[in-house]
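Numbering of ligands and ligand atoms starts at 1, following listing order. A quick note: this is a predicted structure, and the numbers were derived from the prediction, not measured. Throughout, numbering of the chain's residues begins at 1 and tracks the sequence.
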Amino acid sequence: MDSRAAAHLLHEIVALLELQGEDPTVPAPYADAARALAANDPSPLAELLRRDRRRFAPEVVDVLEDLVDPGESTLLDQLRESTPEGLFEMLRVPGLGPSRIRRIHEGLGIDTLQELEAAARDGRLARLPRFGARTAEQVLRGIAWLKESGAQVLLPHGIAEATRMLAAIRRVGGVVRAEIAGTIRRHCETIREVEVVAACARDPEAVAAACARLPGVRDSVGSGTREVSIRFDDGMRLQLHCVPADEFVVSWFRATGSESHVREVAARAALRGLTLGERHLRRADGSAVELADEPALYAAIGLPWLAPELREGLGESAAAAEGTMPDLIALTDIRGVLHCHSQYSDGGATIAELAAEARRRGWSYLGVSDHSQSAFYAGGLTAESLARQHEEIDAINASFSDFRVLKGVEADILPCGRIDYPAEVLDRFDYVIASVHSRFGMNETQMTDRVLKALDDPHMAVLGHPTGRLLLTREPYAIDMDAVMARAGEAGVAIELNADPHRLDLDWRLCRSARRHGVRIEIGPDAHSVDGLENMALGIGMARKGWLAADDVINTRSADDVVAFATRRRLARAGA
Ligand SMILES: [Zn+2]
Ligand SMILES: [Zn+2]
């Protein structure tokens, strides 16, 4: 088990202790430990315990030792055992902490989500001491949100869980091949469940049953069949398809989806006199086409293999058949990055550290884009600290012949539509990313006007994270993206595809219309640490999902080209 998974379980212990009405001093050490573990990068728990045992309270060490061996916590098991299932679910309703849930449970005898919803509607919840109508309303909204978002997780979390599950499944006797399918394979930004297809040498039902007994499994449905839904202790769900080896290719293709892509491909198969069944691709005489792998399946249907991230049923099979699918961008096309925060604002790394890592990754430039002065919450830079930063960048650049640090900024778009910093300060940057970081509650007209006005400023080279969404936590703000993309296309301002896993904003679904509007895309890691540069892989996946080619993306070009792109409007104005 790694430290991140342990932090997750410690959090659960804290919530359950609070739910049971323990004195606050009881959960406190677990809460401290959970925070400390979550703040650092995941590392193997056994190693961490060997190194840092003294940092934790004795009762926490007991739990952590349990989690290393046997891999589950007795305390957590006892707490779960003594807590009604419905109270767990209530913990996932935004705004409902353990102490409120306990008061609801004790005051109204409620222990399911349905009862809670009923009580919020009929006024019983509002009448509880210290609750009131507004809280009841908030609870209803929280329940609606929960139903909507389910138990979704962000893509990197899903990938980590899936990788762990896959490793365990591959060790199960009788499994000859197992692969991830579903939304993770399609690189979707949020994940509801992990889907795995396993090819079995012997009877698939027995393999499925063995998988349902893996460590960490809480419960499962569908035992005795080839399809099991498994729920793990940490809440993640696995949909497992166990199939005989000769059914693997078709099963994997179908489980990868999406449904509409599978329908499109099945329709093409029919045109060739083939039937795409649940398990096989069959000829008119009923015989199964032997398929070594997925590309063979597509080839049999007359299509080039389509990368999983494209399989959304949005015309990809037609484009592939006609040869009009763009040559998709790859991570190796990227020549540098522009959206990074250093210790000058809210980042954790120095400029030199970020530059060294970017260079190690084979990039030829890294742009530092710390926050501007209005972003006081994120340590935005005053004109004086900017001068210091630029001196530091000059010194670093003097030490390289094959790499360049660019002087950028992520400047706030103020509510009035002005870009933070006066023109003479903006003139000092190689490029300006401008983003909205405040007043998200404006209506659509106001917000659209605010951004359109900013786009008119010739300093602006890139519009950062254009809708402000935070996946699973904050909706995009109201903004007419069509109008914004049209204006950005005319003005020659790039729009960011922010690669932070919480954002992935511009939404991949809008990439094709950005392209139609002639808008260039900047893929930005929004790195706040050296590790944050890793976000680029996610951003590239989203760009591919949005059918982008290397040419559509400005940071596939050289540093000189990027600076020329970013400064040409202000130079044109100065020259006019
Ligand atoms: Zn930002
Ligand atoms: Zn940023």
Can you list, by chain and residue number, the protein N, O or S atoms under 2.8 Å from the Zn ion (ligand 2)? H339 NE2, H341 NE2, E410 OE1, D526 OD1
Mind running side-chain hydrogen bond (donor to acceptor under 3.5 Å, both in side chains) on N535 and D500 for me, showing each step along the way? CA-CA 6 Å; N535 290 345; D500 181 315; 4.8 Å; no
Can you tell me how far the NE2 atom of H187 sits from the CH2 atom of W508, to the nearest 0.5 Å? 11.5 Å
Salt-bridge test for D394 and K407: reply yes if a basic N is under 4.0 Å from a carboxylate O, no otherwise. yes
For D551, look at atom CG and say whether over 12 heavy atoms of other residues, nucleotides or ligands are found less than 6.0 Å away. no
Could you give the distance from CG (L463) to CE (M485), rounded to the nearest 0.5 Å? 11.0 Å
Distance check, rounded to the nearest 0.5 Å: E522 atom CD versus H339 atom NE2? 7.5 Å
